Amino acid sequence: MWPTTPRASTRCREGPSSLLTADEKAGFERRLLAWYRRAKRDLPWRDSADPYAVLVSEVMLQQTQVATVAPYFERFMATFPTVRDLASAVPDDVFHCWQGLGYYSRARNLPRAATRVVEAFDGKIPGSVDELRSLPGVGPYTAGAVASIAFGRTEPAVDANVARVLSRIFAVPGDPKSGPTNRTLWAHAADLVSESAPRDWNAALMELGSLVCRAASPACDECPVAFGCAAKERGETDRYPELRRPRPTIAVEDVAVLVESAGGVALVRRPDGGQWGGLWELPRVRRGDGEELQAAAKRAPLEVCGVAVTDLQPLGAIQHTITRYRVRLHGFRGTGDGADLVALACAEARWVAPDAMGAYALASPQRKLLRLARRVDTDFPAP
DNA sequence: CTCCAGTAGT
DNA sequence: ACTACTGGAG
């Protein structure tokens with residue numbers, strides 16, 4: 001059908017010389033689409049052709065796996081069914097819907113994108129890659145995915161799945177995230193993308209990467225295009241893609257305090273933009289080098305929101321990893337005087353009635369911490 | 001514990 | 001080009 005090692009491949013890092021012939025592409029397309037129609041998963045966002053639903057799902061799928069996204073997508077679409085609903089949404093409601101999904105800049109950008117769609121595109125998600133790229137939070141991948149999947153445009157879309165598939169088929173050396181290798185992969189994707197069924201084509205390439213051409217132990221015997229795969233041909237599927245190894249993690253310790261008073265529990269809002277931007281949390285500080293946990297616990301509410309606590313008791317600790325930090329998060333509870341909070345090292349600070357805390361968007365480690373509090377005191381509401 | 005996944009700011 | 005940003009699954 002096509003040469004066992006497509007002409008593509010290794011020598012050409014960029015440029016149009018690495019292309020398949022029309023016959024080769026046709027065979028590739030026929031096999032992959034036939035496989036996709038048989039093997040595709042029934043995912044919530046595949047029920048709808050609404051470009052807004054496609055946009056929401058693709059933004060949620062950025063850096064986030066299908067199984068994690070599915071329930072969030074359904075809740076989000078039920079809460080903000082149209083782009084106009086999202087454009088006029090209260091930011092806190094969007095964060096609340098997004099809590100636990102991670103990368104919260106997406107929850108800030110998506111309503112901004114919706115607002116732009118309403119103001120610049122008359123409430124209709126635009127169909128061209130350039131217009132899509134003008135929406136905040138929409139990069140090359142998301143623009144290509146929405147243009148092809150929602151609008152049937154013949155546009156490539158290279159996510160990590162597609163990058164893996166293509167780097168194996170063409171034995172593309174180098175880290176897919178590096179500039180030159182990334183451009184090579186996009187060139188292959190652009191060359192291959194179907195003109196008759198771009199929707200299914202891009203979805204199929206991603207589905208293949210996710211289900212068959214997996215990072216670990218790819219199922220080459222189930223692969224509809226194994227015949228033309230250069231990496232398989234060489235018995236080197238595990239050498240592609242050449243991912244750069246992650247930097248080592250740094251161990252740190254944080255201390256957060258559940259401050260209780262007559263007015264409720266002290267919650268503080270993280271400033272937009274950084275870690276957990278826009279979300280709420282218990283006052284928290286990094287434990288200093290050699291600092292006693294109790295001392296850090298005393299410091300946290302004082303430095304973050306200007307409240308002194310007495311009667312500090314440990315709640316235990318949880319573990320989480322955030323980018324390159326491996327964090328042990330210690331929880332304490334203590335009594336505050338209920339005086340006014342001052343937003344010192346936070347965007348906002350409030351006393352919140354314990355049973356009203358469910359309305360606040362918290363990051364996952366904070367939820368876990370509150371579950372510890374609940375184990376100690378069963379009167380405390382579950383997060 | 002290890003692995004995995006796009007965008008934007010600098 | 002480099003780096004920050006999360007959480008869940010295995």
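The sequence lines fix the lettering, A, B, ..., with proteins before strands; numbering per chain opens at 1. What you see below is based on every heavy atom in this structure, not just the backbone, and it leaves out hydrogens, waters and symmetry mates. Computed from a prediction, not measured in an experiment: that's the story for all the values here.
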Can you list, by residue number, the residues of residues 208-222 of chain A that have a non-hydrogen atom closer than 4.0 angstrom to DNA chain B?
Ala215(A)
Please find the earliest and latest nucleotides of DNA chain C, in the 5' to 3' direction, that have an atom within less than 4.0 Å of any heavy atom of chain A.
dA1(C) to dG8(C)
Rounded distance in Å - NZ (Lys177(A)) to P (dG6(B))
8 Å
Let's see if you get this right: which residues in residues 277-285 of chain A place a heavy atom under 4.0 Å from DNA chain B?
none
Is there a donor-acceptor pair under 3.5 Å between the side chain of Asp254(A) and the backbone N or O of Leu329(A)?
no
Okay, side chain of Arg270(A), backbone of Trp280(A): is any donor-acceptor separation there less than 3.5 Å?
no
dC4(B) phosphate, OP1 or OP2: any side-chain N/O from Arg164(A) under 4.0 angstrom?
no
Residue pair Asn202(A) / Ser148(A), side-chain donor-acceptor N/O under 3.5 Å
yes
For Tyr103(A), which contact category applies under a 4.0 Å heavy-atom criterion: base, sugar-phosphate, or nothing?
base
Could you tell me if Arg106(A) sits above the aromatic ring of Tyr103(A), with its cationic atom closer than 6.0 Å to the ring centre and no more than 45 degrees from the axis?
no
List the residues meeting side chain to side chain contact (heavy atoms under 4.5 Å, CB included) with Ser261(A), not counting sequence neighbours, and say none if there are none.
Trp351(A)
Using whole Å, what does the distance between atom C1' of nucleotide dC4(B) and atom CZ of Arg324(A) come to?
19 Å
Do Gln99(A) and Tyr104(A) meet the criterion of a side-chain donor-acceptor pair at a distance under 3.5 Å?
no
Can you tell me if CZ on Arg245(A) sees more than 12 non-hydrogen neighbours from other groups inside 6.0 Å?
no
Quick one: does Gln366(A)'s side chain have a donor or acceptor within less than 3.5 Å of a partner on Leu282(A)'s backbone?
yes
Is the number of heavy atoms from other residues, nucleotides or ligands under 6.0 Å of Glu292(A) CD greater than 12?
no
Can you check whether Ala296(A)'s main-chain N or O pairs, donor with acceptor, with Arg287(A)'s side chain at less than 3.5 Å?
no
Within the structure shown, what part of the strands sits under 4.0 Å from Thr321(A) by heavy-atom distance: base, sugar-phosphate, or nothing?
base
Are any side-chain N or O atoms of Lys232(A) and backbone N or O atoms of Cys220(A), one a donor and one an acceptor, separated by less than 3.5 Å?
no
Which heavy-atom pair separates Leu132(A) from Ala147(A) by the least distance, and what is that distance?
CD1-N, 3.7 Å
When you look at CG of Asp340(A), are more than 12 heavy atoms from neighbouring residues, nucleotides or ligands closer to it than 6.0 Å?
no
Have a look at Arg106(A) and say if it touches a base, only the backbone sugar-phosphate, or nothing, with a 4.0 Å heavy-atom cut-off.
nothing
Rounded interatomic separation in angstrom, taking CG from Asn161(A) and C1' from dC3(B)
13 Å
Which whole-number value in Å describes the distance from Tyr104(A) OH to dT7(B) P?
19 Å
Figure out the CG/C1' separation between Leu61(A) and dT7(B), and round it to whole Å.
14 Å
Phe28(A) and Trp201(A) aromatic ring geometry - parallel, tilted or perpendicular at 30°/60° bounds
tilted
Tell me: CG of Leu110(A) to P of dG6(B), nearest whole Å?
16 Å
With Arg84(A) as the cation and Tyr52(A) as the aromatic partner, state whether NZ or CZ is under 6.0 Å from the six-membered ring centre and within 45° of the axis.
no
Give a yes or no on whether the backbone of Gly278(A) and the side-chain of Arg269(A) come within a donor-acceptor separation of less than 3.5 Å.
yes
Counting only heavy atoms and a strict 4.0 angstrom limit, can you tell me which residues of residues 63-78 of chain A come near DNA chain B?
Gln63(A), Gln65(A)
Using the 3.5 Å cut-off, write out each protein N or O paired with an N or O of nucleotides 8-10 of chain B and the distance between them.
unit_1, atom_1, unit_2, atom_2, d
dA8(B), OP1, Gly137(A), N, 2.4
dA8(B), OP1, Val138(A), N, 3.4

5' precedence on DNA chain C between Thr323(A) and Gly179(A) (nearest-nucleotide basis):
Gly179(A)
Can you tell me if Arg239(A) uses its side chain to pair, donor with acceptor, with the backbone of Glu236(A) under 3.5 Å?
no
Base, sugar-phosphate alone, or nothing: which one does Arg245(A) contact when heavy atoms must sit under 4.0 Å apart?
nothing
Just the rounded figure in Å: distance from C1' of dA5(B) to CG of Leu243(A).
11 Å
